[in-house]
Amino acid sequence: MNKFQTLCKALKISIQIKGAFSLVISLLGFPAALLPVLLANRLRLLTDELQLLAVTGGSASVAISIFAGLAGLYIAQVIITNLQQYVERYDEMVTIPRYIQNTLMRHKCEVRYKYIENFDDFQKRIDFTEQHAGREMARSIGSIITLLQRFVAFIAASLALWGISPIIVIVLYVTSIPAAVLAYLQQDETFRNRTKWMEEGHLSLFYGQSLMGTFTLNDGQQELRHFALFNYMKARWRAIADEHLGKQNVIIKKHLKFNTAADFLRSAVYLGILLITAWQIYENPVVGLGAFTLVFALSGQLQTVTGETLVGIMVIAQNIPYMQEFFYLENLDREHTEKAPTPIESGDISFNNVSFAYPNTENNVLKNISVEIKNGEKIAVVGENGSGKSTFINLLCGMFEPKIGEIRVGGADISAHPSATRQAVSVVFQDFAHYEAPLRENITVSDKQRNADDSEIMELLKKINVNDVIDEQPNGLNEQVGAFSDKTNNLSGGQWQKISLARAAYKQDAKIMILDEPTSALDPVAEAQLYRNFADLTDDKTTILISHRLGITAVVDRILVFQDGQIIEDGSHKELISKDGHYAEMYRAQAKWYSDFV
């Protein structure tokens, strides 16, 4: 997208997102831009009329009429200016930030999942957009209409003063250029330094938040206190922050010096123009005091509006990289979503010669995976860390597309039908979510179409032995949980994991259930209960269970053993033990660990 297209798009957005009242006031601003010239002309007429009245005498009715018109124009200007300021302030604080934040959230939720894994530096770029580009984008789209209004005022003031003296207009133009050039150069320097210093700012923020704790959990606070690390962490934070702020301060001081010099130049020129006009009137009284009044009123106005117009043009021109960074997000690949997905009726799963490499890497994490899983089968996926287990699940959930090969669920290619696939799959991810909401919503959010009453929900929770989390809460399913709840009622890791299991079980029409390390936060008793209730949890769904703990093998039909991105063994527990291969070695190693504690 070139610069002109970027500006046109920003202007279109600035109009589209305005409310009716805001749009009317913005349009009213164009005729209102002529008010300063009308006021100056009225003031000139009044001055000349008062001068004539003082010299010749006579009726003051004409002067009074001119004054009344002058007062009316001034009142209109005050009202319109205040309405414009209110609208601009509201748009700057509410309308535009809301649009930008909504757009960023939509992009983050719609782009292909490879970007979430930081393909094309997506995370860094979206952080930059949230911190800087979004704000500058807001400034730009909020000021484009204002800039057009200033241009109208600039033309009107120029024409009015040109009639007095073209030299005055030219001098005012020329002396306004330095400020505009400075604004452009400063904005360019700021953009380059923001991108360069961004990582330093993040590191400073990291150390600061480590000392204060995050918004949700005081991660590491116990260790900070136990090992008395406050002074150490503070020194690290202070050193990085001081260096970061020191660099910024150098730039601010430099900008201040140049801007002060430019302001002195404009002020000196303004005074000089008034002196020249006064001398012209002295030399030729026919010009009249009204001309001095007009120059006095409009010179400052033209100087200001010229500077603001030029600076506005320069700033918007320099903000184009920010806008392009913002619009970059619109050009990213989106997930293919079906408007009306056809429901998948079977839990059959097929991987056909599937290989996959994560974005920005060449090494295949999965290599030529081919496996068939029948409807209703219970499958355990085991292997060491980094063997490809979670990647296998991410592909099955349609988060990524295979580098080569094909994945089908219920006969449907998941690359072509991701929405239908996700409707057919219920999943407990290893990094399960915590929702700042009542317990009921934390459970039912997985199936927004299902409308179960409390008794039905509790019956489900008892069936899978998760009801104890609800029973312990004063308000049961209505209990607001999370770090931001009124009572700061944040659940333990094990309780949150139980809620994630309930969320997966609540999804009514799922044909497949995926459990990725579903007992990682559970104690041994809760883990044993999960395995005892495994059949109730999964019903007749095709189930894939991933775990480092090989106790799961007692509740599944088959075991897939992953190593280095490949399935190296496939069979029942008894079959794999008899083969005395990698699975048998893993199983014996874990049995030894457990026996050491007996």
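Starting from 1, each residue takes its place in the sequence as its number.
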For [X], enumerate each residue passing the salt bridge (charged side-chain N to carboxylate O under 4.0 Å, His left out) test, keeping only those at least two apart in sequence or located in another chain.
| X | result |
| --- | --- |
| Glu479 | Lys487 |
| Arg106 | Glu110 |
| Arg42 | none |

[X]: which residues meet the ring pair (Phe, Tyr, Trp, His ring centres under 6.0 Å) condition with it, sequence neighbours left out?
| X | result |
| --- | --- |
| Tyr99 | none |
| Phe432 | His434 |
| Phe429 | none |
| Tyr173 | Phe154 |

Could you pull out all residues at least two apart from [X] that satisfy side-chain hydrogen bond (donor to acceptor under 3.5 Å, both in side chains)?
| X | result |
| --- | --- |
| Thr103 | none |
| Arg440 | Asp454, Asn478 |
| Asp121 | none |
| Gln85 | none |

> Got a sec, which pairs hit salt bridge (Lys or Arg N to Asp or Glu O under 4.0 Å) with one end in residues 145-173, sequence neighbours left out?
Replying inline: Arg150-Glu308
